[in-house]
Amino acid sequence: MARKLTLIYFSPTGTTRKIVTAIAEGTGLEYDSADLTMPSARSQTLAFGPEDIIIAGVPVYGGRVPSLLLECLGSIQAEGALAIPVVVYGNRHYDDSLLELKDILEAKGAACIAAAAFIGEHSYTRKVAFDRPDTEDLESARQFGYEVMRLLNSDIFSNIELNVPGKLPYKERKPAKPASPVTSDACIECGICARACPTGAIDFKDFRTSDPTLCIKCCSCIKKCPTDAKSFTDDTVANFAVWLEANCSDRKLPEFFTRESAQKVT
Ligand SMILES: Cc1cc2nc3c(=O)[nH]c(=O)nc-3n(C[C@H](O)[C@H](O)[C@H](O)COP(=O)(O)O)c2cc1C
């Protein structure tokens, strides 16, 4: 069967987009993209069928799939489609996020054939997983895409269920204290921050003002600001960044899961 590949992803600071794009390149298939980062894109209903392969990529937030994606992902129609859930995390851990993403896709009727967890520079601090995904990560992602297609096209493609790490109940979502970045005098009012904000939290009439109740602390505005004018002074973010720098500096490696790898283990 001729397969149609679609990438679905949410990626405020761009690491998830880089990974799913590299996986797609590795498959050798042409592909379409549904970038769910901006609010308008999240109101579309995505529909797929048996001829489709979906690569769904999300960043890990608190060990889970970001909650603002749940409604959009929950409205996908994917009966009979093949799916590859992918999470990208900031070198701490991905906890139950990969299992949660797999469960969401399967609840919509997709069959998950492979999955992966990759590492991206942490949203909160450039010092953790600095500049990842790097060349090695992107090569691993392309290789993973290639391998999935090889398995799919081979006789050994099995029907057994895909197993990924994670447990039920999923890690509890802790209510976050409302906060948003502050803006220094370095701001040149270019508006890149407001145009890049996935929740519309930054005021288009005054780029220095943002709504803490809408901010999801994704750090898109901070990382995209050309003059480094934005930062979090909020204790929880600043303290957590210090903790991450002290405790998560080891280089973690991407992990891959296929039905065939599960078969070898059993
Ligand atoms: C609100 C929030 C929560 C996060 N939680 C985790 C986490 O639980 N584990 C982890 O390793 N990284 C965590 N991260 C880091 C991101 O998963 C990581 O930086 C990812 O590469 C960002 O993806 P993006 O570039 O596509 O936005 C978190 C980031 C944010 C903004």
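Owing to the predicted nature of the structure, the values given are computational and were not obtained by experimental measurement. Atoms within each ligand, like the ligands themselves, are counted from 1 in listed order.
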key: Top protein contact for atom 29 (C) of ligand 1, by heavy-atom distance   = Ser123 OG, 3.3 Å

request  = Just go through Val20, Val58, Val60 and tell me whose heavy atom is the nearest to atom 6 (C) of ligand 1.
outcome  = Val60

query = Among the heavy atoms of Cys219, does any lie under 4.0 Å from an atom of ligand 1?
reply = no

message = Just so I know, are the side chains of Pro59 and Phe10 near enough to count as touching, which here means a heavy-atom distance under 4.5 Å?
response = yes

note = So the atoms of ligand 1 within less than 4.0 Å of a heavy atom of Glu121 turn out to be 18 (C), 19 (O), 21 (O)

note = The answer for which part of Arg17 has a heavy atom under 4.0 Å from ligand 1 is neither

inquiry  = Please check: side-chain N/O of Asp234 versus main-chain N/O of Thr236, any donor-acceptor pairing under 3.5 Å?
reply    = yes

ask   = Under 3.5 Å between some N or O of ligand 1 and some N or O of Pro59?
value = no

message = Check for me whether Tyr124 has a heavy atom closer than 4.0 Å to any atom of ligand 1.
response = yes

request  = For side-chain hydrogen bond (donor to acceptor under 3.5 Å, both in side chains), just list the numbers for Thr13 and Lys223, CA-CA rounded to whole Å, side-chain angles, deciding distance to a tenth of an Å, and then say yes or no.
outcome  = CA-CA 7 Å; Thr13 65; Lys223 291 210 172 174; 4.9 Å; no

inquiry  = I'd like to know whether the aromatic ring centres of Phe144 and Phe257 sit less than 6.0 Å apart in this structure.
reply    = no

query = Should the proximity of Ile119 to ligand 1, defined as any heavy atom under 4.0 Å, be assigned to the side chain, the backbone, both, or neither?
reply = neither

request  = Could you check atom 18 (C) of ligand 1 against the protein and tell me its nearest heavy-atom contact, residue, atom and distance included?
outcome  = Gly90 N, 3.6 Å

ask   = What do we get for Ser11 next to ligand 1 when only non-hydrogen atoms under 4.0 Å count, side chain, backbone, both or neither?
value = both

task = Give yes or no for whether the N/O distance cutoff of 3.5 Å, strictly under, is met between Lys217 and ligand 1.
result = no

ask   = Which atoms of ligand 1 have any heavy atom of Cys218 under 4.0 Å away?
value = 31 (C)

message = Counting non-hydrogen protein atoms only, what is the nearest one to atom 27 (O) of ligand 1? Give residue, atom name and distance.
response = Thr13 N, 2.9 Å

key: Over all atoms of both residues, closest heavy-atom pair of Gln44 and Ser75   = O-OG, 4.2 Å

request  = May I ask you to list the atoms of ligand 1 that are less than 4.0 angstrom from any heavy atom of Asn91?
outcome  = 11 (O)

Protein contact to atom 15 (C) of ligand 1 [nearest heavy atom, distance to 0.1 Å] = His122 NE2, 3.4 Å

key: Heavy-atom closest pair, residues Asp96 and Pro169   = OD2-O, 4.1 Å

request  = Please could you name the atoms of ligand 1 that Gly62 approaches to less than 4.0 Å, counting only its heavy atoms?
outcome  = 3 (C), 4 (C), 5 (N), 6 (C), 7 (C), 8 (O)

Close-contact set for ligand 1 against Val88 heavy atoms, below 4.0 Å = 17 (O), 20 (C), 21 (O)

query = Hey, is ligand 1 close enough to Arg92 that some N/O pair sits below 3.5 Å?
reply = yes

Protein contact of atom 3 (C) of ligand 1 - nearest heavy atom, named by residue and atom, plus distance = Tyr61 CA, 3.4 Å

request  = Could you tell me whether the side chain of Arg208 reaches within less than 4.5 Å of the side chain of Glu189, counting heavy atoms only?
outcome  = yes

inquiry  = Would Thr15 count as a polar contact of ligand 1, with the cut-off being nitrogen or oxygen pairs under 3.5 Å?
reply    = yes

ask   = Would you call the rings of Trp243 and Phe240 parallel, tilted or perpendicular, where under 30° means parallel and over 60° means perpendicular?
value = parallel

inquiry  = Could you go through Arg142 and Glu147, starting from their C-alpha distance and side-chain angles, then the distance that decides it, and tell me whether this counts as salt bridge (Lys or Arg N to Asp or Glu O under 4.0 Å)?
reply    = CA-CA 9 Å; Arg142 279 188 284 271; Glu147 186 63 15; over 6 Å; no

inquiry  = Keeping Glu121 on the side-chain end and Arg132 on the backbone end, is there a donor-acceptor pair under 3.5 Å?
reply    = no

key: Minimum-distance protein heavy atom relative to atom 9 (N) of ligand 1   = His93 O, 2.9 Å

key: Side-chain donor/acceptor of Asn91 to backbone N/O of Ala129, under 3.5 Å   = no

Tyr170 and Leu99, any side-chain heavy atoms less than 4.5 Å apart = yes

Heavy-atom donor-acceptor pair, Ser210 side chain to Ser180 backbone, under 3.5 Å = no

Ligand-residue contact atoms, ligand 1 with Gly63, heavy atoms, under 4.0 Å = 7 (C), 8 (O)

